[in-house]
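Just below is one structure, and these are the notes that go with it.
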Number of protein chains: 2
Amino acid sequence: MEELKLKNQICFPIYALSREITQLYSKHLGELDVTYPQYLVLLVLWEHATQTVNQIGEKLFLDSGTLTPLLKRMEAKELLTRTRSTADERVVEINLTEKGMNLKHTAACIPSQIFDEVGITSEEVDMLRAFTNKLFAYNTKK
Amino acid sequence: MEELKLKNQICFPIYALSREITQLYSKHLGELDVTYPQYLVLLVLWEHATQTVNQIGEKLFLDSGTLTPLLKRMEAKELLTRTRSTADERVVEINLTEKGMNLKHTAACIPSQIFDEVGITSEEVDMLRAFTNKLFAYNTKK
DNA sequence: CAAAACAATATTGTGCGCAATATAATTTTA
DNA sequence: TAAAATTATATTGCGCACAATATTGTTTTG
C-alpha cells in the first residue's frame, strides 16, 4: 500500500516542520522569555490595542481552553492585563502593559532573521496561505 | 512595523495548518481509536516490522519523552508490544499485534478520503510536497 | 417580564511535545 | 580491567491544544 508509506505522506512533513519552526523560534524568543504561542498573542496585541479573548482566538484559531491559561501566564509575567468589560461582563479585555509593548522593539528583527535563515519565497508564502484558507474554510463549515 | 503583522508571518500558517491537519485526521481516526501521532507510529510499523523506540523517533522526529508514554498507551490498547531486547537490554523493541496490523486495511483509504473531502488538487499536493521538502531539507541539516 | 436561547469565558481531563535529568546497560579507553 | 564515555530508554515538569462541560451574563421570545 504505497499511499501509507511515510515518505508519501503530505501532511506529516507539515506536522514535523511546524514543530521544527517552533523550536527555531524558541531560540530567538528565549531572551524575551515567551513561548511561540505567547509570541503570536503579542503579535496580535502589538497590532490591535485592545482585544477580547474571542478576538485573539479568531485570529490565531485557538479556543478559551488554550487561551485562558496562556493569557494568565502572560499576565503573571506582567506582559498584559485581563479586565472584565463593564459594558458586557462576559467579556474579558486584554491589554498590553508597558513591558509587553516594549518587547516589540526586541522582537522586530526576529521574523527577518528566521526568514533569511530558512529562505522562503513570497510565492511559497502565498501558496501556503491559500492552502491554509482552503482547509479552514472547509473545516469551519462542517 | 510591517514585518510583525500577523498576515505577513511566514511560520504562523504552517503552525495553524499543522493543527488543522491533526483535527481533520482525528475525525477519520476516531473509528480506529487512535490519535494522529499514534497513527504516524502505525505508519512506521506497517512499513517496518520491528522497530526500536529510537528508530521510530528518528523517523518521526520525536524523542523518548513523547514516545515512551505514547507507546505505553498504544500497548494498553493492545495495538503493539514493548519488549526489552535480550541482546542489548537498553533497547525496547516495538512490534505490532494482530490487532495493530489489521488496522492497516481500515486506514488505507484515509489519506485519499481527506484529499477528496477538502478538494485538494494534485497540483496543490505537488506544490506542498516541493515546499515542505525544501524547508525540511534546510531544517534537518542545521 | 419570565423562560428560553444564546454568547463569552472558565474549568476539567487527556494527550502530546520537549527540555532537563535520571537510570541502567554497553562500549571505549587509559 | 576498572574508570570514563557513550547509548537507550524512562521520568519529571511545564506549556500547549482541544473536546466536553460548566458558569455567568445577555438577548430573544412567548
Side-chain angles (χ1 to χ4, degrees), chain A residues 12 14-27 29-30 32-42 50-58 60-77 79 82-94 136 139-140, chain B residues 12 14-27 29-30 32-41 50-58 60-77 79 82-94:
Chain A
F12 168 64
I14 297 168
Y15 159 81
L17 186 62
S18 174
R19 291 185 289 116
E20 294 278 342
I21 283 168
T22 301
Q23 289 175 252
L24 193 61
Y25 260 95
S26 295
K27 288 171 191 145
L29 294 173
L32 305 194
D33 188 30
V34 293
T35 65
Y36 183 65
Q38 289 170 17
Y39 166 76
L40 293 177
V41 169
L42 287 178
T50 296
Q51 290 280 281
T52 69
V53 175
N54 238 357
Q55 289 172 322
I56 296 174
E58 281 170 10
L60 301 181
F61 309 101
L62 294 170
D63 68 4
S64 70
T66 300
L67 284 176
T68 297
L70 187 152
L71 292 169
K72 283 181 177 173
R73 282 187 289 272
M74 294 181 77
E75 186 185 34
K77 285 190 266 195
L79 296 174
R82 298 166 63 252
T83 343
R84 285 271 162 199
S85 164
T86 48
D88 184 340
E89 293 209 359
R90 292 171 303 181
V91 172
V92 171
E93 287 167 352
I94 308 294
F136 272 109
N139 204 34
T140 47
Chain B
F12 171 64
I14 299 170
Y15 159 81
L17 182 59
S18 174
R19 290 187 289 119
E20 187 61 19
I21 285 168
T22 301
Q23 287 178 50
L24 274 176
Y25 262 95
S26 294
K27 289 174 190 147
L29 294 173
L32 306 194
D33 189 30
V34 292
T35 65
Y36 183 65
Q38 289 170 16
Y39 165 76
L40 293 178
V41 168
T50 296
Q51 290 278 281
T52 69
V53 174
N54 237 0
Q55 289 173 322
I56 296 173
E58 280 171 10
L60 301 181
F61 308 99
L62 294 170
D63 69 3
S64 69
T66 301
L67 284 176
T68 297
L70 186 153
L71 292 169
K72 282 181 177 174
R73 281 188 289 272
M74 294 181 76
E75 185 184 35
K77 283 190 269 196
L79 296 174
R82 297 165 64 251
T83 343
R84 286 273 162 197
S85 164
T86 47
D88 184 341
E89 292 209 0
R90 294 170 303 180
V91 172
V92 171
E93 286 168 351
I94 308 295

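Below, chains carry the letters A, B, ... as their sequence lines are ordered, and counting in each starts from 1. The figures here come from the full heavy-atom set of this structure, side chains too, leaving out hydrogens, waters and symmetry mates.
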Suppose we screen for side-chain contact (heavy atoms from CB on, under 4.5 Å). Which residues come up paired with [X], at least two apart in sequence or across chains?
{"X": "B:Ser26", "result": "B:Thr22"}
{"X": "A:Glu58", "result": "none"}
{"X": "A:Gln55", "result": "A:Gln51, A:Thr52, A:Lys59"}

Q | Base-contact (B) and sugar-phosphate-only (S) positions in nucleotides 16-27 of chain C, heavy-atom cut-off under 4.0 Å, - elsewhere | A | SBBB-----BS-

side-chain hydrogen bond (donor to acceptor under 3.5 Å, both in side chains) partners for [X], two or more places apart:
{"X": "B:Gln38", "value": "B:Lys77"}
{"X": "B:Glu75", "value": "B:Arg82"}
{"X": "B:Arg84", "value": "none"}

Could you tabulate the donor-acceptor pairs under 3.5 Å formed by side-chain atoms of residues 63-74 of chain A, not counting sequence neighbours?
residue, atom, partner, partner atom, Å
A:Asp63, OD1, A:Gly65, N, 3.1
A:Asp63, OD1, A:Thr66, N, 3.2
A:Thr68, OG1, A:Ser64, O, 3.0

Q: Evaluate the ring planes of A:Tyr15 and B:Tyr36, with Trp represented by its six-membered ring, and classify them as parallel (under 30°), tilted (30 to 60°) or perpendicular (over 60°).
A: perpendicular

Q: Name the first nucleotide and the last nucleotide along DNA chain D (5' to 3') that come under 4.0 Å of a heavy atom in chain B.
A: D:dT7 to D:dA19

Q: Would you mind classifying the nucleic acid contact of B:Thr52 as base, sugar-phosphate or nothing, using non-hydrogen atoms under 4.0 angstrom?
A: sugar-phosphate

